[in-house]
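Have a look at the structure below before the remarks.
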Amino acid sequence: MRQLSRRQLVHGLASGLAGTLLGSGRLAFAQGGIAVDDKSVLIVVDVQNCFLPGGSLAVKDGEQVVPVINRIAQRFAHVMLTQDWHTPGHVSFASTHAGKAPFEVIKLPYGDQVLWPDHCVQGTSGAEISKEISIAHAALVVRKGFNKNMDSYSAFLEADHKTSTGLGGYLKDRGLARVFVAGLATDFCVAWTAMDAQRLGFETFVIEDASRGIDNRGSLAAAWTSMQNAGVKRVKSDDLSRP
């Protein structure tokens with residue numbers, strides 16, 4: 001199977017990668033019941049108003065992840081949330097770059113950058129985590145993307161793949177070894193979070209029915225292929241069980 005880097009994944013938005021990916025073979029699913037134990041953590045990615053119906057960057061059917069996430073979160077003793085937290089005029093916004101439109105790809109010092117509609121601006125209602133997310137025992141909210149000159153899809157590393165958010169060390173200090181990722185959007189923040197978790201040594205799963213993708217020009221297929229090649233396992237919520 002063809003190997004895809006995250007750079008190629010982003011570039012695929014501009015180059016129509018879907019046909020190649022969809023013909024590359026069946027994507028693997030993790031098999032059987034997956035035990036959720038005391039070393040497991042659920043990371044709920046960016047279920048924020050901007051990514052939900054009526055938001056400036058709404059993910060199709062994004063609201064459907066909320067009841068699934070609320071249900072599965074009760075199986076986890078450890079839950080973390082992430083929150084996109086951009087400055088006004090953020091480098092990832094198309095409006096920051098004269099003559100550019102949303103979903104164009106530009107070169108920045110740290111690599112390819114997809115340009116987005118303004119979204120999740122600090123202190124706005126759009127940046128708030130959905131009030132429908134009901135996980136009282138969530139222990140931590142990781143805010144990302146607050147560096148005005150660099151994007152951050154991943155909960156672990158900013159877009160230069162070097163600057164750490166500190167989440168990896170936090171999870172390891174707590175003795176956690178298995179990461180389950182859900183939320184919005186599958187092909188960007190969920191995928192990058194999962195791949196970084198795997199590379200940092202965590203056994204990593206993405207819960208497919210608790211996530212939704214943007215799927216612009218083949219980005220969703222590209223993301224699943226990249227995650228599979230990185231060693232991330234693809235599961236559904238019904239696969240999860242307690243030991």
Side-chain angles (χ1 to χ4, degrees), residues 5-13 41 43-51 55-57 59 62 80-97 100 102-124 126-129 138 140-172 179 181-200 202 204 206 211-214 216 219 222-223 226-227 230 232:
S5 68
R6 286 186 293 190
R7 179 183 294 272
Q8 289 170 307
L9 167 58
V10 172
H11 187 66
L13 290 171
V41 59
I43 300 179
V44 179
V45 176
D46 296 0
V47 185
Q48 296 169 254
N49 293 332
C50 272
F51 301 128
S56 62
L57 188 49
V59 177
M80 316 295 171
L81 310 177
T82 77
Q83 188 176 20
D84 243 13
W85 197 246
H86 295 310
T87 61
H90 192 265
V91 71
S92 70
F93 295 166
S95 62
T96 302
H97 306 272
K100 296 296 183 181
F103 306 108
E104 289 188 39
V105 179
I106 65 171
K107 295 283 187 181
L108 290 176
Y110 54 82
D112 293 339
Q113 174 66 54
V114 179
L115 296 179
W116 305 107
D118 291 24
H119 66 280
C120 297
V121 175
Q122 296 171 8
T124 66
E128 293 176 2
I129 293 171
L140 180 71
V141 176
V142 176
R143 286 178 168 170
K144 58 189 182 60
F146 53 80
N147 182 337
K148 186 174 184 177
N149 296 312
M150 187 183 301
D151 209 356
S152 184
Y153 298 145
S154 171
F156 293 93
L157 296 172
E158 294 192 19
D160 62 355
H161 312 306
K162 298 176 183 177
T163 306
S164 174
T165 66
L167 179 59
Y170 175 84
L171 297 182
K172 288 179 179 179
V179 169
V181 188
L184 305 172
T186 308
D187 33 353
F188 289 93
C189 296
V190 168
W192 288 45
T193 294
M195 288 188 287
D196 280 341
Q198 185 72 28
R199 292 187 179 107
L200 288 170
F202 299 98
T204 305
V206 169
S211 307
R212 292 293 186 278
I214 294 172
N216 186 292
S219 60
S226 293
M227 286 189 279
V232 175

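The side-chain heavy atoms of D84 and W116, taken from C-beta on, include no pair separated by under 4.5 Å. The side-chain heavy atoms of T165 and Y170, taken from C-beta on, include no pair separated by under 4.5 Å. No side-chain heavy atom of Q198 sits less than 4.5 Å from a side-chain heavy atom of V181. You'll find the side chain of L167 reaches within 4.5 Å of the side chain of I43, heavy atoms only. Using a 4.5 Å heavy-atom cutoff, the side chains of F202 and K172 are in contact. Two residues are said to be in side-chain contact when any heavy atoms from C-beta on lie closer than 4.5 Å; F51 and H119 meet this criterion. Under the 4.5 Å side-chain criterion, counting only non-hydrogen atoms from C-beta, D46 is not in contact with F188.
One finds the OG1 atom of T163 at 8.0 Å from the CG atom of L157 (value rounded to the nearest 0.5 Å). The distance from the NE2 atom of H161 to the CH2 atom of W192 is 4.5 Å, given to the nearest 0.5 Å. Distance NE2/H97 to CG/L115: 5.0 Å, rounded to 0.5 Å. If you take CG on N49 and CG on L57, they are separated by 13.0 Å, rounding to the nearest 0.5 Å. Atoms NZ and OG, on K148 and S92 in that order, are 11.5 Å from each other to the nearest 0.5 Å. Rounding to the nearest 0.5 angstrom, the gap separating the OG atom in S152 from the CG atom in N147 is 9.0 Å.
Among residues two or more places apart in sequence or in another chain, the side chain to side chain donor-acceptor pair (under 3.5 Å) test is passed with S95 by D118.
With ring centers used as reference points, H90 lies 6.0 Å or more from W85.
For the pair C189 and L184, the tightest heavy-atom approach, listed with the atom from each and the gap, is CB-O, 3.9 Å. In terms of heavy atoms, V121 sits closest to T124 at O-OG1, 2.6 Å. Considering all non-hydrogen atoms of both residues, Q48 and G126 come closest at CB-O, 4.0 Å. The two residues N149 and V91 have their closest heavy-atom pair at C-CG1, 3.5 Å. In terms of heavy-atom proximity, V59 sits nearest to A185 at CG2-CB, 4.1 Å. Annotation for V45 and T193: closest pair CG2-OG1, 4.3 Å, computed over non-hydrogen atoms.
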Residues L200, L171; criterion side chain to side chain contact (heavy atoms under 4.5 Å, CB included); working and verdict: CA-CA 11 Å; L200 288 170; L171 297 182; over 6 Å; no

Derivation and outcome, side chain to side chain contact (heavy atoms under 4.5 Å, CB included), residues K107 and D112: CA-CA 5 Å; K107 295 283 187 181; D112 293 339; 2.7 Å; yes

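For K144 and F156, the positive end is not near the middle of the six-membered ring at less than 6.0 Å and at most 45° from its axis.
Judged by distance alone, with hydrogens and angles left aside, the side-chain atoms of H86 form no donor-acceptor pair with the main-chain N or O of C120 at under 3.5 Å. Under the 3.5 Å distance criterion, the side-chain polar atoms of T204 are left unmatched by any main-chain donor or acceptor of V232. In this structure a side-chain-to-backbone donor-acceptor pair under 3.5 Å is present from D187 to I214.
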